[in-house]
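Hydrogens, waters and symmetry mates play no part in the numbers below; they use all other heavy atoms, side chains included. All values derive from a computational prediction rather than experimental measurement. Counting from 1, the numbers follow the sequence of the chain as shown.
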Amino acid sequence: MKIDNVETYRVAIPLTKPFKTALRTVHTAESILVKITCEDGTIGWGEAPPTIVITGESMSSIESAIHQVLKPFLENQSLRNYEEIFQGIQSILIGNSSAKAAVDMALYDCLSKLCKLPLYQYLGGHKDEIETDYTVSVNGPEEMGEDAVSYVQKGFNVLKVKVGKDDILTDIERIREIRNRVGEKIKIRLDANQGWKPKEAIQAIRKMEDLDLNLELVEQPVKAWDIEGLKQVTDNVETLIMADESVFTPKQAFEVIKSRSADLINIKLMKSGGIYQAQIINQLAEVCGMECMVGSMIETRIGISAAAHFAASKKNITRFDFDAPLMLAKEVVEGGIKYNGRKITLPKVPGIGISKVYFEGGVAIGNQP
């Protein structure tokens, strides 16, 4: 089955509430949607949001990478030679991980449809239901406490709390406020988004340990490039430390695992360049006894569905951060994963399960064989 065409569409969707981290504030979710059509009419969908402070990609750069490099490479290729295709995607241009991811997930959508399997079954089929956390944006302590309570009332029992902005005393106060409001049974994960220096991170985490704030983990406390600093934090606190922006590639994962610079790895398709390399990262971690989480950028149900299929398919992926579609003011797709509070059910139809995609100027039909 040959690839006949590669198309892209732009979407922009307001968020119900601004998404704030130590790195950025997002008011509108922008994405490039990718549609791959095969010669028999099979359609695959992918997505690439621009996250310039993390991946370095903009809407225009994603479109350029796809149309100028990836599309000419893919057209007329046979999906039966998918190993060569996936390796080629990674080798024909440097970086551009989100553009690569969008094409990669569209290809996996097509491949699993060819095999008449839901993608999570095609990739391993570990389970068909998972649970997501919900993210509390970084704001003042009182507002964050109010947000946390509202998310718990909606049924979420794991909160991912953004910190790393202002000073560590303010961050500690944010977590004290949230813990006081939600009680002891709710899990709290911190994400500093590179906002602390190593000694600050150690001081902040130890203080929160002394206050019995009961943190499940702390994600990316230091700069992405500072692997030694990450290890310094990991070695000097009791709380689990998770690498996020420090790990884009399997080689970076290998360095973190080998040095034990973190206890866990957060895999994101937009960092790894798609499912093909994400599987390698997870396998490296698994054979070395390190669990993984799968998270996302601010994406629509297309990208999150692909990531959820991958995450559900693997035993070693034990934590899930897929709340982004719940933050959007409207839907642009039909089909894909289904939410019931914190629970996510994987679709049983072939592929990632997208049936329709709405974009400016019309509707694109995502076929189901």
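Ring-plane geometry between Tyr82 and Phe86 is classed as perpendicular, the angle between the planes exceeding 60 degrees on a 0 to 90 degree scale with a lower cut at 30.
Partners of Ser98 by side-chain hydrogen bond (donor to acceptor under 3.5 Å, both in side chains), not counting sequence neighbours, listed by chain and number: Glu57. The side-chain hydrogen bond (donor to acceptor under 3.5 Å, both in side chains) check on Gln153 picks up nothing, with sequence neighbours excluded. A search for side-chain hydrogen bond (donor to acceptor under 3.5 Å, both in side chains) contacts involving Ser246 returns Gln220, not counting sequence neighbours. For the salt bridge (charged side-chain N to carboxylate O under 4.0 Å, His left out) test, residues two or more places apart in sequence or in another chain that qualify with Glu216 are Arg189, Arg319. Applying the side-chain hydrogen bond (donor to acceptor under 3.5 Å, both in side chains) test to Ser112 and every residue at least two apart in sequence or in another chain returns nothing. For Asp191, the salt bridge (charged side-chain N to carboxylate O under 4.0 Å, His left out) test picks out Lys160, Lys162, with sequence neighbours left out.
Ile32 and Leu328 fall within the same hydrophobic cluster, where Ile, Leu, Val, Met, Phe, Trp and Tyr residues are linked whenever their side-chain heavy atoms come under 4.5 Å apart, directly or through other members. Val332 is connected to Ile62 through a chain of hydrophobic side-chain contacts under 4.5 Å among Ile, Leu, Val, Met, Phe, Trp and Tyr, so both are in one cluster. In terms of hydrophobic clustering, with Ile, Leu, Val, Met, Phe, Trp and Tyr side chains grouped at heavy-atom distances under 4.5 Å, Ile175 and Leu217 are assigned to different clusters. Hydrophobic clustering of Ile, Leu, Val, Met, Phe, Trp and Tyr side chains at less than 4.5 Å, counting indirect connections, keeps Phe320 apart from Met293. A chain of hydrophobic side-chain contacts below 4.5 Å, direct or via other Ile, Leu, Val, Met, Phe, Trp or Tyr residues, connects Met297 to Ile265.
Salt-bridge formation is detected for the pair Glu143/Lys17: a Lys NZ or Arg NE/NH1/NH2 atom is positioned less than 4.0 Å from an Asp or Glu carboxylate oxygen. Classification of Lys258 and Glu255 as a salt-bridged pair holds, one side-chain N sitting under 4.0 Å from a carboxylate O. In summary, Asp109 and Lys113 engage in a salt bridge, as defined by a charged side-chain N under 4.0 Å from a carboxylate O. Salt bridge status for Arg174 with Asp171: present, with a side-chain N to carboxylate O gap under 4.0 Å.
Listed by first and then second residue, the salt bridge (Lys or Arg N to Asp or Glu O under 4.0 Å) pairs involving residues 329-344 are Glu131-Arg342, Arg301-Glu331 (not counting sequence neighbours). Counting only residues at least two apart or in different chains, salt bridge (Lys or Arg N to Asp or Glu O under 4.0 Å) contacts with residues 118-129 comprise Asp128-Lys348. Among residue pairs with one or both ends in residues 72-82, those qualifying as salt bridge (Lys or Arg N to Asp or Glu O under 4.0 Å) are Lys71-Glu75; sequence neighbours excluded.
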With a 3.5 Å cut-off and sequence neighbours excluded, list the donor-acceptor pairs that the side chains of residues 279-287 form with protein atoms.
from, atom 1, to, atom 2, distance (Å)
Gln279, OE1, Lys314, NZ, 3.1
Gln279, NE2, Tyr108, OH, 3.4
Asn282, OD1, Asn316, ND2, 3.1

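Between the side chains of Thr239 and Glu209, at least one donor N or O sits under 3.5 Å from an acceptor N or O. Side chains of Ser259 and Ser261: a donor-acceptor N/O pair is present below 3.5 angstrom, by distance only. Side-chain contact of Asp323 with Thr135: a donor-acceptor pair under 3.5 Å is present, judged by distance alone. Donor-acceptor pairing under 3.5 Å is lacking for the side chains of Asp104 and Gln277. Between Asn139 and Ser137, the side chains place no donor N or O within less than 3.5 Å of an acceptor N or O (distance only, hydrogens not considered). No donor-acceptor contact under 3.5 angstrom links the side chains of Asp147 and Ser150, judged on distance only. Inspection of the Glu63 and Thr8 side chains reveals no N or O donor paired with an N or O acceptor under 3.5 Å.
Remark: Phe254 CZ is loosely packed, at most 12 non-hydrogen atoms of other residues, nucleotides or ligands lying under 6.0 Å away. Environment of CD in Glu142: sparse, with no more than 12 heavy atoms of neighbouring residues, nucleotides or ligands closer than 6.0 Å.
Contact annotation: the side chain of Val103 approaches that of Ile89 to within less than 4.5 Å [non-hydrogen atoms, C-beta and beyond]. In this structure, Ile3 and Leu79 have side chains that are in contact, with non-hydrogen atoms separated by less than 4.5 Å. Put simply, the side chain of Ser296 does not reach to within 4.5 Å of the side chain of Asp321, judged on heavy atoms.
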Residues Glu83, Gln87; criterion side-chain hydrogen bond (donor to acceptor under 3.5 Å, both in side chains); working and verdict: CA-CA 6 Å; Glu83 177 78 4; Gln87 290 198 1; 2.9 Å; yes
Lys231 and Asp226: CA distance, side-chain angles, deciding distance, salt bridge (Lys or Arg N to Asp or Glu O under 4.0 Å) verdict: CA-CA 9 Å; Lys231 178 173 174 56; Asp226 192 3; over 6 Å; no
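Trp225 belongs to no multi-residue hydrophobic cluster, having no ILVMFWY side-chain contact under 4.5 Å with any other such residue. In the hydrophobic clustering (ILVMFWY side chains linked at under 4.5 Å, chained through shared members), Val158 stands by itself.
Residues Pro198 and Val233 approach most closely at O-CG2, 3.7 Å, considering heavy atoms.
Under the side chain to side chain donor-acceptor pair (under 3.5 Å) test applied with Lys271, the options Thr249, Thr55, Asp244 reduce to a single match, Asp244.
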